[in-house]
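Have a look at the structure below before the remarks.
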Amino acid sequence: MSGGVDSPFGMDVPDFPGPQPGESSGSILEGLTKEQAEAVLATEGPVLILAAAGSGKTRVITRRIAQLLSMGIPAWSILALTFTNKSAGEMRERVSKLLLGEDGASLGGERALRGLTATTFHSLCARLLRRYAEPAGLKPDFTIYDSGDQASLCKKVIEQLGLATSNFPPRSVLSAVSNAKNALQDAAAYEARAHDWSTKNVAKIYSAYSKALRAANAVDFDDLLMVTARLLERDESVRRELQQRWQYLMIDEYQDTNLAQFKIASLLAGKGAPGGNGPNICVVGDPDQAIYGWRGADITNILEFEEHYPGAKVIRLGENFRSTKHILAAADTLIQKNQRRKHKPLFTNREGGATVEAILCRDERHEAGLVTDWFKSLHDEGGDEGDSGFPWREMAVFYRTNSLSRVLEESFRQANIPYTIARGTAFYDREEVKNALSYLRVVANAADDVSLERIVNTPTRGIGDAAITVIEREAAGTGAPMFATLRRVRELAGISSRAAAGIEKFVTLVDDWTGGGSFLGATVPASLADLVDRVVQESGLRTMYQNQARASGNEADLERVDNLDELVSSAREFEQEYDPEGDPAMEPTRAADGSDRPAPPALLALLRGFLESVSLVADADSVDPAQGSVTLMTLHAAKGLEFKAAAIVGLEEGTLPHSRALGGDADQMEEERRLCFVGITRAMRRLMLTCAKYRTIRGLPERTIPSRFLSELPKEHVKFSDQGGALDDLRGTSWDQDSDDLDDDSPRYVPDDGPGVPKGGVSPPSIGTKIAKALPPGCIVRHPQFGEGTIVSVTGGMNARAVIRFKGAGEKTMVLEYARLTRVR
DNA sequence: AGAGGCAATTTTTTT
DNA sequence: AATTGCCTCT
C-alpha cells in the first residue's frame, strides 16, 4: 500500500467535494484568504491550525503540501496522517492535481509526488510494525484481528481461566482492554492499578489475552497504535531513523487523537533541529468537532498543543465558505451551548438562502417519507435561486445509529431514488466473505487459531466439537499453534477416524496453497487472484453456498456466491495496483545481528498487503459520490464531507443525544451536541432536521421526546412545523380501520402501555390479536420486501402469526406484530 | 456429527 | 427485528 485509497471494490474516490475554482492553475496561494495563505506558508516549526467547519481546511492542507514540494522539500520526507483512507486518498489526489494542473500539463508533479506518505494512523503503524517487526516484538507476517476475532479469542481466554463469561462479558472486558491500550497501559500496568476483585480479574484476562494474541501471531486494532508507540519510545535507532526520514509532519483531525496517537506523533516529530523553534509538526483540527471521546480521543491534545510546543504558531480559520447564514447560525447557536470550549464565532459573508426546516413527524416511516419527498423536490425543482435541481450525489441523510437506516432505505427504494449506504466494512463482515478471508489468513499466518477454528469444518468435513476439543487441548499443552497440531492427528487419542480423515484433507488443502509453508512448488498459485479463486473453489465454500442457494431458492443465498466472486475480483484489483516498492514488508528486514533477511515471497507479501487493506477499511471510506446517488450515513462517517442538501433524522432524546449520554455526564452530552453540530455544518444550502413522535426501537414502538438540541436552535433561522398529528394517510393503508379494536385517535404504533396490570383481571388483547382479526384468510396483503401475498392461515394469541403465500417468495410464517404488512384488499 | 428449532438478548459511534 | 446461543432430534 502506498497510501492511496485502498478501496476493496476498486472504486477509487475522485476529488470530492469537487475541485474548487482556481485550484488547478497558477500560484499556490491563489484565491486564499490572508489566514489561509498564512497557514500554507507556515512550513517551519510547530503549527496549530484551528480550522472551523467549512473554513477550507482541506484546501489549506493540500496547498501546504504543494508549497513544501515547490520549495524543493522531497516528497518522501513528508508524512501526512489522517483518520480514514478516503481522506488520505483525497489529499494525494488534490495535491497531484495542484502540481499537474488540470489539463495534465506536467509541472514535474508526478515525480515530485512520488514517495509522499499520506495515510491513516493505523495503516502507518501496520507498516512500521512489519518493517520493524523484530524490535517491536512481533513477526512481520502478523494478522490484524477485527472485533469479531477479538471477541472469539477473548471468550476462549476467559473460559480457559475458569471465569464465567456471564460475569465477564467479552465485550465489556474488551472495551476495558481497549481503553487501557489507548491510554498506553499494557497488561502489567493495568494490573498494577487494579484493586478490586473484578478489575483484578480483568487484568488477568488482559494479560492472558495479550499472550494469546502473540501466540496467534496477531495484533488487534489498538495494538497497532500501542505497540508502535512503545517501539518508538524504546528503540532509539528506529526512532532516529524515522525522525530523519520524515522532516515534515502533518496531522489532520487532531482533536480526535488519543494518547497513543499523540505519543506516536510526538515521537515521530522529535525535538527538531537544534536551535530551532521545534519540529516541523503541523496539526489541524477543530475542538468543536471532537466526536471520538468514546474511543479514547483526548481533546486536550489539541487544546494543549501550544504548551507542548512552546513557540508554536497558531492560525485560526474562522470564516465559513460552505453554508448559508441560516445553517451557520443554527450550528453556531447550538455549539455555543457547550460550556467546555474555546469561544470561537463562526461567520460568513454569504447572504440569502432558505431557512433550516425542523419537522416533527408521526413515526419513522413518516419521517423517511418526508425526507424522500424533500429530496425528490430538490432534485426535480432545485433548491433556491440559481439552482436548477440538486444532483442526487449532493444530498445526504445522517443519523446517530446505523439501525435508523433501514426505514430510509425502504423509502428511497420505493421512491426509486438511487442511494448508497456508507458502510465500507459491511462487505467484509458478511459470513461468506469472512469465511473465505479466514482461509486466506490461515494461509498467510499458520498460527492464526481464531481463523483456523472458524473454517476447519466449514464446509463440514466431519470434524466435530469432540475432535476440536482434543486438538485445542493438545495445542494448549504443547504451546504449538493448532494448525501444527492438526498435522499430528494420527498421534492423538480421542479423535474419530472420520474426523481424522477430515483433518488430513484440510491440512493437504492448505499445504497445496502454501507449498507446505514455503510458497514454492507446482501446487502454489501464481498470483493473488489465483490464490483467492482457488481458495473459494477448493475449500468447497463456493459449492456450499451454491447448494444452499439451490435448496432455498433464496436470493440472499445466491448473492453469497456473487460476493465470493467479488472478493476474487477485489483481490485481482489489489494485485494490479500493488506497488512492491511501496511495501515496507518488501524492504529487507533488519535482523537482530544487523544482517538483512530476505524479503518474503511475492505472493505472501501480496496476500499480507491485501488482508491488511481489508482489515483497515473504514465505513467512511465507502462514500462514493461519483455514483450519483444519495448517501446515507452515520453522523460520525459524515465528518469531513459536505453536501448541498442534508437531512438529519432521529433528533430525539435517547437517539440524538444518545441514551448513553443521558446519564448526566456533561462531557458526553457535549460530545453529542458536537455530533449534531458536525451534521449541521455538512449542509451547504439546505438543511432539514426531523424527529418522530413514535419510533420503533428493537421491534417495540416507543413514544419519544424531541431532542433538546432542537429547542436550542435559533427560531429566527429555523422553521419548526408539527406534522405529527395528521392521521389521514394511515387510513386505508392498514388494519386500523377495525375501529372497535383500535380507535382512530391512536396511531397503530402506540403501544397499549405494555402488558401492564390487567384491567378487571383480563389481559387486554395483544396487538397481534387485533391485527389477526383484521386479516381473514384469503385476503391480500403487501410486505415491503416480498411484495403481495395471500393469507393462508392466522393464529391468534400473544405472538399472532400468519402463514402467507407470496407470489415470488413462497410461503412464509410471520409474526403479525412486526411484519410490516399492508392490507391490499 | 450436524442440522434445525426455540429462547433469550439486544449499550451507538469506528480504526 | 435480528442475532446468538443452547438444545433436541435425526
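Reminder, nothing fancy here: chain letters follow the sequence lines and each chain counts from 1. Computed from a predicted model, the values in this text were never measured in an experiment.
- Nucleotides dT13(B) and dT4(C), compared at atom P, are 15 Å apart to the nearest Å.
- Residue contacts for Phe121(A): at a heavy-atom cut-off of 4.0 Å it reaches no nucleic acid atom on any strand shown.
- Across all strands shown, Asn457(A) has heavy atoms under 4.0 Å from sugar-phosphate atoms exclusively, and none from any base.
- Rounded to whole Å, atom C1' of dT13(B) lies 16 Å from atom CD of Gln289(A).
- Using a 4.0 Å heavy-atom distance criterion, Asp146(A) is classed as making no nucleic acid contact.
- Across the protein-nucleic acid pair, Leu700(A) atom CG and dA2(C) atom P stand 14 Å apart, rounded to whole Å.
- For the pair Thr228(A) (side chain) and Leu224(A) (backbone), a donor-acceptor distance under 3.5 Å is present.
- Side-chain N/O atoms of Arg698(A) include one lying less than 4.0 angstrom from OP1 or OP2 on dT11(B).
- Between Thr634(A) and the phosphate of dT14(B), there is a side-chain N or O to OP1/OP2 separation shorter than 4.0 Å.
- As judged by a 4.0 angstrom heavy-atom cut-off over every strand, Ile463(A) is placed among residues touching the sugar-phosphate backbone only.
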Between Thr117(A) and Thr119(A), is a side chain to side chain donor-acceptor pair (under 3.5 Å) present by the stated rule, with each step listed?
CA-CA 6 Å; Thr117(A) 311; Thr119(A) 186; over 6 Å; no
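- Using a 4.0 Å heavy-atom cutoff across all strands shown, Ala499(A) reaches no nucleic acid atom at all.
- Taking the side chain of Arg498(A) as heavy atoms from C-beta on, and the options dA1(B), dT14(B), dT12(B), the nearest nucleotide is dA1(B).
- For the OP1/OP2 pair of dT13(B) and a distance below 4.0 Å, the side-chain nitrogens and oxygens of His636(A) include no atom meeting the criterion.
- Asn402(A) has a side-chain polar atom (N or O) that falls below the 4.0 Å cut-off from OP1 or OP2 of dT13(B).
- Tyr209(A) and Asp220(A) share a donor-acceptor pair across their side chains, judged by distance under 3.5 Å alone.
- Remark: the Arg660(A) side chain and the dT13(B) base include no donor-acceptor N/O pair separated by less than 3.5 Å.
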